[in-house]
**Q** 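Pasting in a structure now, in structure tokens, and then I'll have a few things to ask.
Every value quoted in this text rests on a predicted model; they were computed, and no experiment measured them.
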Amino acid sequence: MTFQEDKMEAFMAIFGQSKEKIRSFPGCLHLELLCDLDKPNVRMTYSHWESAEALERYRQSELFRTTWAATKQLFADKPVAFSAGQLEVL
């Protein structure tokens, strides 16, 4: 997610208020917030879910809707989201 530079503090406040709720959402196994080391206004959430269905239940929840509605107002560019499958564990 690429944020307007002057909106980073607002995003961090939103994430701070919602991270434990997301982590405790049924089916969420892991949640991290990562940053781009070269672009200080780029952040990425990285999460593990029990199943695609659990992730979809989260995406349909009021928690997601309200968090996303507040977050998307802060973007400087269109966000990128994708689900990935594990190919190999080292």
Side-chain angles (χ1 to χ4, degrees):
M1 299 173 283
T2 303
F3 292 94
Q4 300 169 47
E5 290 183 20
D6 63 335
K7 303 296 184 186
M8 288 304 306
E9 190 173 318
F11 168 69
M12 293 306 296
I14 292 167
F15 187 78
Q17 293 168 359
S18 61
K19 64 184 177 185
E20 293 306 322
K21 294 173 187 172
I22 298 167
R23 284 185 180 122
S24 64
F25 196 88
C28 183
L29 304 175
H30 181 82
L31 174 67
E32 292 180 49
L33 179 63
L34 305 172
C35 66
D36 185 317
L37 296 178
D38 297 320
K39 298 174 187 169
N41 61 322
V42 175
R43 296 290 185 271
M44 181 178 92
T45 56
Y46 176 68
S47 58
H48 294 213
W49 293 84
E50 283 180 351
S51 64
E53 294 80 17
L55 175 57
E56 187 58 27
R57 283 191 298 275
Y58 167 66
R59 288 180 177 158
Q60 297 301 318
S61 73
E62 184 64 22
L63 173 59
F64 177 82
R65 283 192 293 274
T66 57
T67 303
W68 189 247
T71 300
K72 70 181 183 179
Q73 295 178 32
L74 310 175
F75 292 148
D77 200 359
K78 184 178 177 180
V80 175
F82 61 92
S83 293
Q86 190 174 61
L87 296 176
E88 185 174 336
V89 178
L90 303 177

**Q** I'd like to know whether Thr45 forms a side-chain contact (heavy atoms from CB on, under 4.5 Å) with Ile22, so could you lay out the CA-CA distance, the side-chain angles of the two residues, the decisive distance to 0.1 Å, and finally the verdict.
**A** CA-CA 11 Å; Thr45 56; Ile22 298 167; over 6 Å; no
**Q** Applying side-chain contact (heavy atoms from CB on, under 4.5 Å), can you list everything that pairs with Glu20, at least two apart in sequence or on another chain?
**A**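 For Glu20 the side-chain contact (heavy atoms from CB on, under 4.5 Å) partners, ignoring immediate neighbours, are Arg23.
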**Q** Heavy-atom count around Glu62 CD within 6.0 Å, excluding the residue itself: above 12?
**A** yes
**Q** Applying side-chain contact (heavy atoms from CB on, under 4.5 Å) to Met12 and Leu33, what does each step give before you reach the verdict?
**A** CA-CA 10 Å; Met12 293 306 296; Leu33 179 63; 3.8 Å; yes
**Q** Kindly list each side-chain donor-acceptor pair under 3.5 angstrom involving residues 25-32, sequence neighbours excluded, with atom names and distances?
**A**
{"from": "His30", "atom 1": "NE2", "to": "Glu32", "atom 2": "OE2", "distance (Å)": "2.6"}

**Q** Sequence neighbours excluded, which residues qualify as side-chain contact (heavy atoms from CB on, under 4.5 Å) partners of Asp36?
**A** Asp38, Lys39, Val42
**Q** Any donor-acceptor pair under 3.5 Å linking the side chain of Ser24 with the backbone of Lys21?
**A**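 Indeed, once roles are kept as given, a pair shorter than 3.5 Å links the two residues.
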**Q** Using side-chain contact (heavy atoms from CB on, under 4.5 Å) as the criterion, list what pairs up with Gln4, not counting sequence neighbours.
**A** Asp6, Lys7, Ala76
**Q** Is Arg43 reaching over with its side chain to a backbone N or O of Thr2, donor-acceptor style, under 3.5 angstrom?
**A**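 No; judged by distance alone, with no hydrogens or angles, the pair does not exist.
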**Q** Would you give the length of the straight line joining atom CG of Leu74 to atom NZ of Lys72, rounded to the nearest 0.5 angstrom?
**A** 11.5 Å
**Q** When you look at Glu88 and Leu90, which way does the side-chain contact (heavy atoms from CB on, under 4.5 Å) test go after all the steps?
**A** CA-CA 7 Å; Glu88 185 174 336; Leu90 303 177; 3.1 Å; yes
**Q** If you group Ile, Leu, Val, Met, Phe, Trp and Tyr whenever their side-chain heavy atoms sit less than 4.5 Å apart, what else falls in with Leu34?
**A**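 Members alongside Leu34: Met44, Tyr46.
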**Q** Centres of the Trp68 and Tyr58 rings: under 6.0 Å?
**A**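 Aromatic pair excluded; centres sit 6.0 Å or further apart.
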**Q** Does Phe11 have any ring pair (Phe, Tyr, Trp, His ring centres under 6.0 Å) partners at least two apart in sequence or in another chain, and if so, which?
**A** Phe3
